[in-house]
There are 4 protein chains.
Amino acid sequence: MTLQHAAQRDAAAGGRVNRRAAVLVVAAQLFNARGYEATSMRDIALAAGIKAGSLYHFFAGKDALFAAVYAAGVREIHAAVEGALEAARRRDPWKRLQLACEAHLAALLAGTDFASVVVRTLPRPGTRLDAALRAQRDGYEAIFRELVDALPLAPRTDHQLFRLTLLGALNWSTTWYRPDGRRAPQEIARRVVGLLRSARDKGACE
Amino acid sequence: MTLQHAAQRDAAAGGRVNRRAAVLVVAAQLFNARGYEATSMRDIALAAGIKAGSLYHFFAGKDALFAAVYAAGVREIHAAVEGALEAARRRDPWKRLQLACEAHLAALLAGTDFASVVVRTLPRPGTRLDAALRAQRDGYEAIFRELVDALPLAPRTDHQLFRLTLLGALNWSTTWYRPDGRRAPQEIARRVVGLLRSARDKGACE
Amino acid sequence: MTLQHAAQRDAAAGGRVNRRAAVLVVAAQLFNARGYEATSMRDIALAAGIKAGSLYHFFAGKDALFAAVYAAGVREIHAAVEGALEAARRRDPWKRLQLACEAHLAALLAGTDFASVVVRTLPRPGTRLDAALRAQRDGYEAIFRELVDALPLAPRTDHQLFRLTLLGALNWSTTWYRPDGRRAPQEIARRVVGLLRSARDKGACE
Amino acid sequence: MTLQHAAQRDAAAGGRVNRRAAVLVVAAQLFNARGYEATSMRDIALAAGIKAGSLYHFFAGKDALFAAVYAAGVREIHAAVEGALEAARRRDPWKRLQLACEAHLAALLAGTDFASVVVRTLPRPGTRLDAALRAQRDGYEAIFRELVDALPLAPRTDHQLFRLTLLGALNWSTTWYRPDGRRAPQEIARRVVGLLRSARDKGACE
DNA sequence: GATGAATGAGTTTTCATTCAT
DNA sequence: GATGAATGAAAACTCATTCAT
C-alpha cells in the first residue's frame with residue numbers, strides 16, 4: 001500500500017523521486033501475474049518505463065529484486081495483521097484470531113500485489129533465495145503461533161497442526177478466490193475461523 | 001504408481017520397452033522439484049537418458065508433456081481416493097470423508113511425483129494449458145463435493161466453503177510437510193478432518 | 001498430368017501400386033506452395049499418408065526428391081510444347097512460336113504443380129542440385145532457340161535476347177497471374193507474342 | 001548504395017558507428033545469395049562480426065530484418081529510376097521509358113544486393129511478410145504504370161500486359177545475367193524496350 | 001516396403017547481466 | 001542515474017537422415 005501510494009504520487013508529480021519504488025510496484029504486479037521465471041527483467045523495465053540496464057542501479061539482480069518485492073509483501077501483511085491486533089488488544093483469543101485472519105486474508109485477496117506474491121509465488125525450494133524468504137515468512141507466522149497458543153483449545157489438540165490448517169485454508173483461497181465472488185475476503189476469513197471453532201473451546205471431542 | 005513401476009522395471013531390465021513412460025517419470029520429478037518454467041526440455045532429456053530432440057517423438061511440446069504428467073497425477077489421486085471409498089461403501093459420511101482425505105493426502109505427500117505435481121505446480125493462469133488442466137482437476141474434486149454434501153452439517157453451514165477449507169488445508173501441507181516429520185500423511189489427514197468435525201454434526205462425537 | 005493421374009488412379013483403387021508417384025505429386029504441391037527450404041520431408045510424408053522414413057525407400061534424400069519433381073516438371077512442359085508443335089508442323093514460324101508459348105504458359109499457369117516448380121522454385125545457385133536442374137532446363141529451352149531462330153526477324157536483332165525477353169515475360173507471369181483473372185493463359189501468351197511481333201518481321205526499325 | 005558505403009566506411013575506420021547498417025548490408029548479401037529460408041540469423045551475425053543474439057537489438061526478428069533489407073532495396077531502385085526520370089523530364093515517352101528501364105535494370109544487375117533482393121528473393125506467398133513487401137513494391141511499380149500509359153501505343157493494346165511483359169523480361173534477367181557478359185545492363189534494357197517498341201507507335205521508328 | 005525411435009546439428013529467439021559512454 | 005550495445009548461455013523446437021525391427 002505504502003509503496004504503491006508512493007509510486008503513484010511520484011508518477012503523478014511527474015516526479016523523479018522514487019523510481020525504485022515504482023519498479024517494485026510493477027515488479028510485484030508482474031511476478032504476481034506470471035510467476036518468477038516467466039517475468040523477465042525487460043518486462044519489468046518496460047512496465048516501469050525505463051531500460052533494462054537501469055534496473056541494476058536499484059537492485060543487484062533479479063533475485064534481489066524479487067526478494068525486495070517479497071519482503072515488502074511480508075511487511076505489508078505483517079503490518080495489516082499487527083494493526084488489527086493492536087486495535088483489539090483486550091478482546092478474547094478467538095476474536096483476536098478472527099480479526100488477524102480477516103486482516104491476513106484481506107491483504108492477500110484485496111491488497112496489493114506485494115501481499116499476493118508472498119503466498120502465490122513460491123521461491124524454488126533449495127535455492128539461496130528460498131532460505132532468505134522463508135526466514136521472512138517465518139517471522140510473520142510467529143504471530144499466529146501466539147494467537148493459536150492463546151486459544152482455549154481442548155487438551156491434546158495439536159496446536160501446530162491447527163495453525164497450519166487455518167493458514168493453509170486461508171492461503172489456498174488465493175487459488176480459487178475471484179474478486180467478483182459473493183463473499184468478501186473478511187467474511188471468508190470469519191467463516192473459516194468459525195468452521196474451526198465450533199465446539200473446540202468447549203473441550204468436547206478431540 | 002503404475003507408470004513409475006513400469007519405468008523402473010524397464011530400466012532394471014536394461015529394457016527398451018517404454019521410453020515414453022520413463023520420460024514421464026523423470027519429467028514429473030523435475031517439474032515437481034523445480035516448477036514448470038524452471039524445468040527445461042534438456043533437463044528432462046538428460047535425466048531420461050535421451051537427446052532433447054527425441055522428446056518430441058513422444059510429446060508434441062513442453063506443454064503437452066506437462067499436461068500428460070498432470071493427467072497422470074490426477075488419475076493417480078483419483079484412483080487412490082476412489083479405491084479408498086470403494087472399500088468403505090457402507091461407512092458413515094464422516095468416516096468416508098476421512099478415508100478420502102487420508103488417501104488424498106497420502107497420494108500427495110507419499111505418492112509419486114505425479115500426484116504432487118497436480119497440487120504444487122500450478123499452471124500460469126489464463127493459459128490454454130491452465131484451462132485444460134483445470135478441467136481435469138475439477139472432475140476429481142467433484143468427489144469431495146459429494147462427500148461434503150453427504151455430511152450432517154449444521155444448518156446454514158456453507159458446504160462449498162467447508163470443502164475448500166478442507167482441501168486447502170490438505171493441499172497446503174505440500175508446502176510445509178517434510179517426510180521425516182513425526183506425523184504420517186494419513187494421521188495428518190485424520191486430524192485435519194477431526195478439527196473440522198468436532199460439534200459440526202450436532203454435537204455427537206464419533 | 002500423367003503422374004498426377006496415375007497417383008489418383010492408384011489412390012482411388014485403394015491401390016498400393018505407385019506410391020512413389022503419389023509422393024511426387026504431393027511433393028510438387030508442397031514445393032510449389034512453400035518453396036524448397038520451407039517444405040520438410042515430414043510435411044511431404046504426412047501429405048502422402050506415409051511416415052517420413054519411408055520416403056527414403058523411394059528417394060535418396062530431399063535433393064533427389066526435388067530433382068525428381070523438377071525433372072517431371074520439365075518433362076511435362078516439354079511434352080506439352082512438343083505436342084503443340086507436332087500438330088502445327090507446317091505452320092509459319094510466328095504461328096509455331098505462338099503455339100509453343102501458349103502451351104508453355106498453359107503448363108505453367110494451369111497445369112500441374114510439377115510445371116510451376118520448374119519456374120517458381122529456383123534451386124539455390126551454386127549447389128550441385130542447381131547444376132543438374134539447369135541442364136534439364138537448358139535442354140528444354142533449346143526448343144525455343146530453334147523457334148526464334150526460324151523467325152524472319154530484322155537483321156541485327158539479337159536472337160538470344162529476343163528469346164530471353166519472351167521467356168522472361170512468360171515465366172514472370174507466375175508471380176502475378178491469378179487464376180480468376182480475366183485472361184486465360186493462352187490468351188496472355190498470344191498477346192505477349194503479339195507485343196513482340198508487330199513490325200518485327202517487316203524488317204523495319206531495329 | 002548509401003547504406004553500403006556507410007557500412008564500408010565504418011568498417012574501414014574500425015569504427016563503431018553504424019553496426020545496424022553493416023548488418024543490413026551483409027544480410028542483403030546473404031539473402032540474395034541463398035534466399036530467405038536458407039540464410040540463418042547465425043550466418044548473418046557471423047558475417048557481420050557480432051553474436052547472433054545481438055541482431056535482436058537492431059531488428060525484432062528475421063522477418064523484420066528481411067523487411068528492412070527489402071525496403072532498402074525498393075528505395076534504392078525507386079531512387080535510381082526517379083533520378084533518371086528527373087533528368088529527362090522533357091523527353092518523349094519512349095525515351096523516358098527507356099531511361100527508366102535502364103536505371104531499373106542497372107540497379108538490379110549492377111547495383112547493391114539490396115536491389116537484387118527485391119526481385120530475386122520472393123517472400124513466401126500468403127505470409128504477413130508477403131503482404132507488407134508487396135505493398136512496398138506496388139508503390140514503386142506505379143511509376144511504370146504511368147510511363148506505359150503515356151506511350152502512344154496502338155489502340156486496343158493492353159497497357160497492363162505491356163507493362164507486365166516489359167518488367168517481366170527485365171526482372172527475369174536476374175536469373176540468367178552474368179556480370180561478365182558482353183552486354184551491359186543498360187544495353188540490355190535499351191534493347192528490350194526496342195523489341196517492344198518497333199511499330200507499336202503507329203509505325204514510326206525513333 | 002514400411003515404420004517408430006533416435007539422433008546431431010541446426011533453427012529462431014530470449015534472457016540476465018555487463019559496461020563504456 | 002541512465003542507456004544502448006553487446007554477449008554467452010540457454011531456451012523450445014525442427015529437421016534430414018539412419019536403422020533395427
Side-chain angles (χ1 to χ4, degrees), chain A residues 16-20 23 36-45 48-66, chain B residues 16-20 23 36-45 48-66, chain C residues 16-20 23 36-45 48-66, chain D residues 16-20 23 36-45 48-66:
Chain A
R16 302 203 43 283
V17 197
N18 213 342
R19 205 87 100 175
R20 195 190 123 104
V23 168
Y36 179 78
E37 310 278 353
T39 301
S40 79
M41 292 295 268
R42 267 187 168 71
D43 291 340
I44 295 169
I50 60 177
K51 296 302 183 296
S54 307
L55 289 175
Y56 291 82
H57 288 300
F58 305 116
F59 304 97
K62 196 183 178 187
D63 277 15
L65 171 50
F66 182 76
Chain B
R16 299 207 42 287
V17 197
N18 209 343
R19 204 83 106 179
R20 196 190 124 105
V23 168
Y36 179 79
E37 310 276 356
T39 301
S40 79
M41 291 298 266
R42 275 228 249 284
D43 292 341
I44 296 170
I50 60 177
K51 305 301 175 197
S54 306
L55 289 175
Y56 293 83
H57 280 291
F58 304 114
F59 304 97
K62 196 183 177 185
D63 277 16
L65 172 50
F66 183 76
Chain C
R16 302 203 42 283
V17 197
N18 212 342
R19 205 88 98 176
R20 196 189 123 104
V23 168
Y36 179 78
E37 310 279 352
T39 301
S40 78
M41 292 295 269
R42 268 186 165 73
D43 290 340
I44 297 169
I50 61 177
K51 295 303 184 295
S54 308
L55 290 174
Y56 291 83
H57 289 299
F58 304 117
F59 305 96
K62 196 184 178 185
D63 277 14
L65 171 50
F66 182 76
Chain D
R16 298 207 44 286
V17 196
N18 209 344
R19 204 84 105 180
R20 197 190 123 105
V23 167
Y36 179 79
E37 310 276 355
T39 301
S40 78
M41 292 296 268
R42 275 226 250 284
D43 292 340
I44 296 170
I50 59 176
K51 305 301 175 195
S54 307
L55 290 175
Y56 292 83
H57 280 291
F58 305 114
F59 304 98
K62 197 184 177 184
D63 277 16
L65 172 50
F66 183 76

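In what follows, chains carry the letters A, B, and so on, assigned in the order in which the sequence lines appear, proteins first and then strands, with residues in each chain numbered from 1.
Note on B/Ile50: only backbone sugar-phosphate atoms sit closer than 4.0 angstrom, heavy atoms only; bases stay farther off. Looking at heavy-atom distances under 4.0 Å, C/Phe59 makes no contact with the nucleic acid at all.
Legend: residues meeting side chain to side chain contact (heavy atoms under 4.5 Å, CB included) with D/Ala52, ordered by chain and number and at least two apart, are D/Arg42, D/Ala45. Applying the ring-ring contact (aromatic ring centres under 6.0 Å, His included) rule to B/Tyr36 yields the partners B/Phe31, B/Phe66; only residues at least two apart in sequence or on another chain are considered. Under the side chain to side chain contact (heavy atoms under 4.5 Å, CB included) criterion, C/Tyr56 pairs with C/Met41, not counting sequence neighbours. Remark: C/Ala38 engages C/Arg34, D/Glu37, D/Arg124 in a side chain to side chain contact (heavy atoms under 4.5 Å, CB included) (not counting sequence neighbours).
Residue D/Phe66 contributes atom CZ, which lies 19 Å from atom C1' of E/dT13 at whole-angstrom precision. What separates CD of D/Glu37 from P of F/dA16 is a distance of 12 Å, to the nearest Å. Atom NZ in A/Lys51 sits roughly 5 Å away from atom P in F/dT3 (whole-Å rounding). Rounded to a whole Å, the CG atom of A/Leu65 is 12 Å from the C1' atom of E/dA16. Residue A/Arg19 contributes atom CZ, which lies 10 Å from atom P of F/dG1 at whole-angstrom precision. Atom CD1 of A/Ile44 and atom P of E/dT14 are 17 Å apart (whole Å).
In terms of heavy atoms, B/Ile50 sits closest to B/Ser54 at CD1-CB, 3.9 Å. Taking every heavy atom of both residues into account, D/Ala64 and D/Ala60 meet most closely at CB-N, 3.9 Å. In terms of heavy atoms, B/Arg20 sits closest to B/Phe58 at NH1-O, 3.4 Å.
Annotation: of the two residues near DNA chain E, B/Gly49 and C/Leu55, the 5′-most nearest-nucleotide partner is C/Leu55.
Of the inter-residue distances, the one linking B/Arg19 atom CZ with B/Leu55 atom CG reads 11.0 Å to the nearest 0.5 angstrom. The line from CG of C/Leu65 to CD1 of C/Ile44 is 5.0 Å long, rounded to the nearest 0.5 Å.
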Quick one: the dot-bracket string of DNA chain E, using Watson-Crick and G-U wobble pairs with both distances under 3.5 Å, [ ] for crossing pairs and | for bases paired to another strand. .||||||||||||||||||||
So which protein N/O to nucleotides 13-15 of chain F N/O distances come out below 3.5 Å?
{"from": "F/dC13", "atom 1": "OP2", "to": "B/Tyr56", "atom 2": "OH", "distance (Å)": "3.1"}
{"from": "F/dC13", "atom 1": "OP2", "to": "B/Lys62", "atom 2": "N", "distance (Å)": "2.9"}

